[in-house]
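First up is the structure itself, then whatever we jot down about it.
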Protein chains: 2
Amino acid sequence: MVESLTRAERKEATRQRLLDATLQLIANRSLASISLREVAREAGIVPTAFYRHYESMDALGVELVDESMRPLRQMIREARRGVADHGDIIKATVEVLARQVRQNPDQFRFLSRERYGGVRGVRRAIETELRLFTSELAVDLARLTAGFDWSSDDLEMAANLMVAAMLSAVMDLLEVDDRRPGDAVPILDRAERQLRLIALGMSEWRSKT
Amino acid sequence: MVESLTRAERKEATRQRLLDATLQLIANRSLASISLREVAREAGIVPTAFYRHYESMDALGVELVDESMRPLRQMIREARRGVADHGDIIKATVEVLARQVRQNPDQFRFLSRERYGGVRGVRRAIETELRLFTSELAVDLARLTAGFDWSSDDLEMAANLMVAAMLSAVMDLLEVDDRRPGDAVPILDRAERQLRLIALGMSEWRSKT
DNA sequence: AAGTTCAGTGTACGGTTGTACACCGAACAG
DNA sequence: CTGTTCGGTGTACAACCGTACACTGAACTT
């Protein structure tokens, strides 16, 4: 059955099981309330073996941030591609957002749970990644507002507001009961209108020079 | 020394000490990671006496939401008064926000920590209060946009966006190092510009009829 | 083929947790 | 004045926690 994997492969597999187990446990509780023993149990190893992979739950948490940011990064790429196909940037963005959240609820849940609630290390890791995300968006905005001489500070400000609006939608989406997927519609609709409202404001904005 | 308080007064005092102790412990960790025993210890009572006041930490958490929402409600009142004195609504609002956060950091920290990270009961209590807050703002916005025939749905949408922007600023403010209070300035400045950007968008917006 | 590395095991420990139970004594109601 | 109420105490216990330590055996190196 098991086709004699290398040691490194087996280790990697267990590592992944630890991450998955944590992500799954986090669906209902916060990282701080999950014990090392629980995670180990869920991953099918003995508690002390945990230390072969991470020196503490906090360390695992920091790595989990990277892991969970992948769908977010994927989102940016998809959204940019979506813009090419589909004329309406905002509609395309919200659609990508909705799909990514639906496909990776645990990752998004982890990020929203720990963004403010977590341990300092995890919190900072998330904040750093989110800042990167905002900067990338600011770059995109710069392209769209070329010729309107927006200051980079204002671009950052606008991008930050858009990210806040999107994250707010994400968190609301995560509260939607799986058995009533229709509840997601008004949330997405609102997010779309919010982004349009911001875009409308931007078209009238003039940076102080 | 102790002027023979009534039994009810003593009980209320202990209750308050329990709430304060929890708020203080929460400065660094999440509610879920705080034990009943810790809170009791901090409040100066024996663990089993805790049950004379709350049936569990979760129950205490729900009550703490009410307690912590007080500064937020205070904020609305002050902001409305501030508008009367001071012509610039947005500037006045951001100033009130800054002061309230500075004066009640523990309460705001608790709310931001537990809004998404907490137990279901606490989370829902916070969300309910925040929805109320948004509705009140929507009412104020309705007054300001009178004559532009905004739909109530759009008012809600705009209020929700403003609240998201303000809360995002609050959370960033809470991360500011106390020894470097100047770090709060750019955050507040950004929040102000974001609100202005939204207002600008609103002045151009037309609700679908 | 022999020796080394190392992911995972099993046992053991002291510390903390939530909570059950019997109790106390001061504030209370009559 | 007498009996009751009830906030707070003290002891006790089983469950869980993180982690130290000595170990095994299969995957690796030589």
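The salt bridge (Lys or Arg N to Asp or Glu O under 4.0 Å) check on Arg120(B) picks up nothing, with sequence neighbours excluded. In this view, Glu129(A) and Arg73(A) satisfy the salt bridge (Lys or Arg N to Asp or Glu O under 4.0 Å) rule, not counting sequence neighbours. With sequence neighbours excluded, no residue forms a side-chain contact (heavy atoms from CB on, under 4.5 Å) with Thr128(A). Legend: residues meeting salt bridge (Lys or Arg N to Asp or Glu O under 4.0 Å) with Arg115(A), ordered by chain and number and at least two apart, are Glu127(A). Remark: Gln16(A) pairs with Glu12(A), Leu19(A), Asp20(A), Glu67(A) by the side-chain contact (heavy atoms from CB on, under 4.5 Å) rule, at least two apart or across chains. Scanning for salt bridge (Lys or Arg N to Asp or Glu O under 4.0 Å) contacts around Asp178(A) gives an empty result, with sequence neighbours left out.
Summarising the geometry, the separation between CG on Leu5(A) and P on dA27(D) is reported as 9 Å, rounded to the nearest angstrom. For the pair Ile34(B) CD1 and dG18(C) P, the interatomic distance rounds to 11 Å; values are reported in whole Å. The NZ atom of Lys11(B) sits 8 Å away from the P atom of dG8(D) (whole-angstrom rounding). For Leu36(A) and dC17(D), the CG to P distance is 9 Å, given to the nearest whole Å.
Distance from the side chain of Arg7(B) is smallest for dC6(D) among the nucleotides dC6(D), dT5(C), dT17(C).
A heavy atom lying under 4.0 Å from DNA chain D marks the following residues of residues 38-48 of chain B, by number: Ile45(B), Val46(B), Thr48(B). Annotation: proximity of residues 53-61 of chain A to DNA chain C (heavy atom, distance under 4.0 Å) is found for His53(A), numbered in ascending order. Residues of residues 13-33 of chain B that place a heavy atom closer than 4.0 Å to DNA chain D, in numerical order, are Thr14(B).
Screening Glu78(B), Gln74(B), Gln107(B) for a side-chain hydrogen bond (donor to acceptor under 3.5 Å, both in side chains) involving Gln100(B) leaves a single residue, Glu78(B).
Counting distance only, with no hydrogens placed and no angle test, the side-chain atoms of Arg10(B) and the base atoms of dG7(D) include no donor-acceptor pair under 3.5 Å. With hydrogens and angles ignored, a donor-acceptor pair under 3.5 angstrom links the side chain of Arg37(A) to the base of dT19(D). The base of dG8(C) lies close enough to the side chain of Arg52(A) for a donor and an acceptor atom to sit less than 3.5 Å apart.
For residues 22-43 of chain A, the pairs satisfying salt bridge (Lys or Arg N to Asp or Glu O under 4.0 Å) are Arg29(A)-Glu38(A), with sequence neighbours left out.
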Would you be so kind as to tabulate the donor-acceptor pairs closer than 3.5 Å made by side chains of residues 152-164 of chain A, with sequence neighbours excluded?
unit_1	atom_1	unit_2	atom_2	d
Asp153(A)	OD2	Arg193(B)	NH1	3.4
Asp153(A)	OD2	Arg193(B)	NH2	3.1
Asp154(A)	OD1	Arg193(B)	NH1	2.5
Asp154(A)	OD2	Trp205(A)	NE1	3.0
Asp154(A)	OD2	Ser207(A)	OG	2.6
Asn160(A)	OD1	Gln194(B)	NE2	2.9

Listing, residues 45-61 of chain A side-chain donor-acceptor contacts under 3.5 Å, not counting sequence neighbours, or none:
unit_1	atom_1	unit_2	atom_2	d
Tyr54(A)	OH	Glu63(A)	OE2	3.0
Ser56(A)	OG	Asp58(A)	N	3.3
Ser56(A)	OG	Ala59(A)	N	3.2

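One finds the OG atom of Ser30(B) at 9.0 Å from the CG atom of Leu31(A) (value rounded to the nearest 0.5 Å).
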